[in-house]
Amino acid sequence: MAAADTTGAGDVFAAGYIDALLREMPAPEAARHASAVAARFLADREAFWSQTPLQAPLEPET
């Protein structure tokens, strides 16, 4: 079996977990959500980024 490039998977998992917590999911559900996001990322990185909407940058509070 060939080695897989997992670069970025941990970062995507962390982002998915934080996203789930911000949506007030319980921790076990947040972990499942984060795993699914990371798996989707690893399955096809180009498709992942082309289908993931980017949020507008946060404006600093004045």
Side-chain angles (χ1 to χ4, degrees):
M1 179 179 264
D5 179 8
T6 59
T7 304
D11 294 331
V12 173
F13 177 90
Y17 191 79
I18 291 168
D19 173 62
L21 292 180
L22 290 173
R23 295 170 190 245
E24 300 182 0
M25 291 181 190
E29 187 177 343
R32 284 190 295 276
H33 173 77
S35 293
V37 172
R40 182 172 170 222
F41 168 74
L42 289 174
D44 189 347
R45 293 171 197 222
E46 188 174 322
F48 179 86
W49 291 119
S50 68
Q51 296 174 11
T52 302
L54 300 176
Q55 299 288 330
L58 296 176
E59 296 297 324
E61 293 183 22
T62 56

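Below, all heavy atoms of this structure are taken into account, side chains as well, without hydrogens, waters or symmetry copies.
Here the shortest heavy-atom pairing between His33 and Ala20 reads CD2-CB, 3.7 Å. Summarising the geometry of Ala9 relative to Phe41, their closest heavy-atom pair is N-CE2, 3.8 Å, with the distance given to 0.1 Å. Shown here for Leu42 and Asp5, the closest heavy-atom pair between the two residues is CD2-O, 3.9 Å. Among all heavy-atom pairs drawn from Phe13 and Ala31, the shortest one is CE1-O, 3.8 Å.
If you take CZ on Arg23 and CD1 on Ile18, they are separated by 13.0 Å, rounding to the nearest 0.5 Å.
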